[in-house]
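The block underneath contains the structure these notes are about, expressed in structure tokens.
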2 protein chains.
Amino acid sequence: MSENRFEEILRQHEIRPTAVRILLLETMERFENTFSLADLETEADTLDKSSIFRTLALFAQHHLLHVIEDGSGATKYCLCHNDHACRIEEMHVHFHCEICGKTFCLDNVHVPVIRYPEGYEVREINYLIKGRCPACRSKR
Amino acid sequence: MSENRFEEILRQHEIRPTAVRILLLETMERFENTFSLADLETEADTLDKSSIFRTLALFAQHHLLHVIEDGSGATKYCLCHNDHACRIEEMHVHFHCEICGKTFCLDNVHVPVIRYPEGYEVREINYLIKGRCPACRSKR
DNA sequence: CTTGTTTTTGCAATTCGGTTGCAGAAACGG
DNA sequence: CCGTTTCTGCAACCGAATTGCAAAAACAAG
């Protein structure tokens, strides 16, 4: 019997596939948008906050997920949907709705590359738009 | 006797110029880079944290300063240096050094405008680069 | 200037997300 | 199966942000 898909993904990212990690990866995939540590805590309520915390840090280190600071107070995360998602040219844009508080991945919108000033070494780019999402605009 | 420059700036932004606010604005101007609430607390040590907090919120509401989430745990701020600084086309890019933790305004680098997806209402854009700043690169 | 009203401020307490130390549990490698 | 390493849960802690409330400051009218 071939090992499950989640185990495979973890191995590809050089993460040892423990039960907790597989469960969390599975849980993360069920979110449509981005998710917070608290979201995972609710969804995978057998796990401890600290285990989730450490797993998030690990996944981020191994480029399995993006970290998004949207200014809402809670850090948001979303899965990288392809191997190249973490290279700068392929970074995508995030949108934070100031009304409902949700943060969306605009997967099709890539971060525009600009001329950076000399001397700075660029490792990561965050492009975050704030405003109102379609759903909140249509209400009223 | 003409009122001082700081009072004038506050009035221009429709903020009532109290002693606390003038002192804080003055203090903010002395920072070269971005600053945090804690920085202001150190620098203006006669004031209470909560007053600084509320003043920051007020200044941000009235577009007197930018709010920058750099993922360091503490929110950073920097003064808008002209009246138009808060319009999207004139937003500038910020750089967060992962070594020394400082966050810089790259005043000359404007946020590139891209095609946003239909339906979203854009109010604000944050373009944050993370990496190593010139000073930290030259050490080592 | 004095008085009454509104706004602002300082203090103290609290919330909340994030983070850590440690001991037991699970995974791993013979 | 056993010794070693890694991971996890628990409990405690931290620090930035946030709030309620009463006193102080700013303001407006007489």
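For clarity, every value in this text was computed on a predicted model and none was experimentally measured.
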Examine the base of C:dG17 for any acceptor or donor lying under 3.5 Å from a partner atom in the side chain of A:Lys49, and report the outcome as yes or no. no
Grab the CG-C1' distance between A:Leu58 and D:dT8 for me, whole Å please. 13 Å
Side-chain N or O of A:Arg54 closer than 4.0 Å to phosphate OP1/OP2 of D:dT8: no
Rounded to the Å, how far apart are A:Leu23 CG and D:dT8 P? 11 Å
Round to the nearest Å and state the distance from B:Arg21 atom CZ to C:dG10 atom C1'. 14 Å
Given D:dA26, is OP1 or OP2 found less than 4.0 Å from the side-chain N or O atoms of B:Thr18? no
Side-chain-base donor-acceptor pair under 3.5 Å for B:Ser50 and C:dC11: yes
Without decimals, in angstroms, what is the distance between A:Leu47 CG and D:dA11 P? 16 Å
For B:Ser36, which contact category applies under a 4.0 Å heavy-atom criterion: base, sugar-phosphate, or nothing? nothing
Would B:Asp39 and B:Ser36 count as having a side-chain donor-acceptor pair, cut-off 3.5 Å? yes
Could you state the atom-to-atom distance from CD of A:Gln61 to P of D:dC7 in whole Å? 11 Å
If one requires at least 3 consecutive Watson-Crick or G-U pairs with distances under 3.5 Å, the stems of DNA chain C turn out to be C:1-30 with D:1-30
Residues pairing under salt bridge (Lys or Arg N to Asp or Glu O under 4.0 Å) where one sits in residues 66-75 of chain A, two or more places apart or in two chains, turn out to be A:Asp70-A:Lys76
Only counting residues at least two apart or in another chain, list the ones meeting side-chain hydrogen bond (donor to acceptor under 3.5 Å, both in side chains) with A:Glu121. A:Arg123, B:Arg132
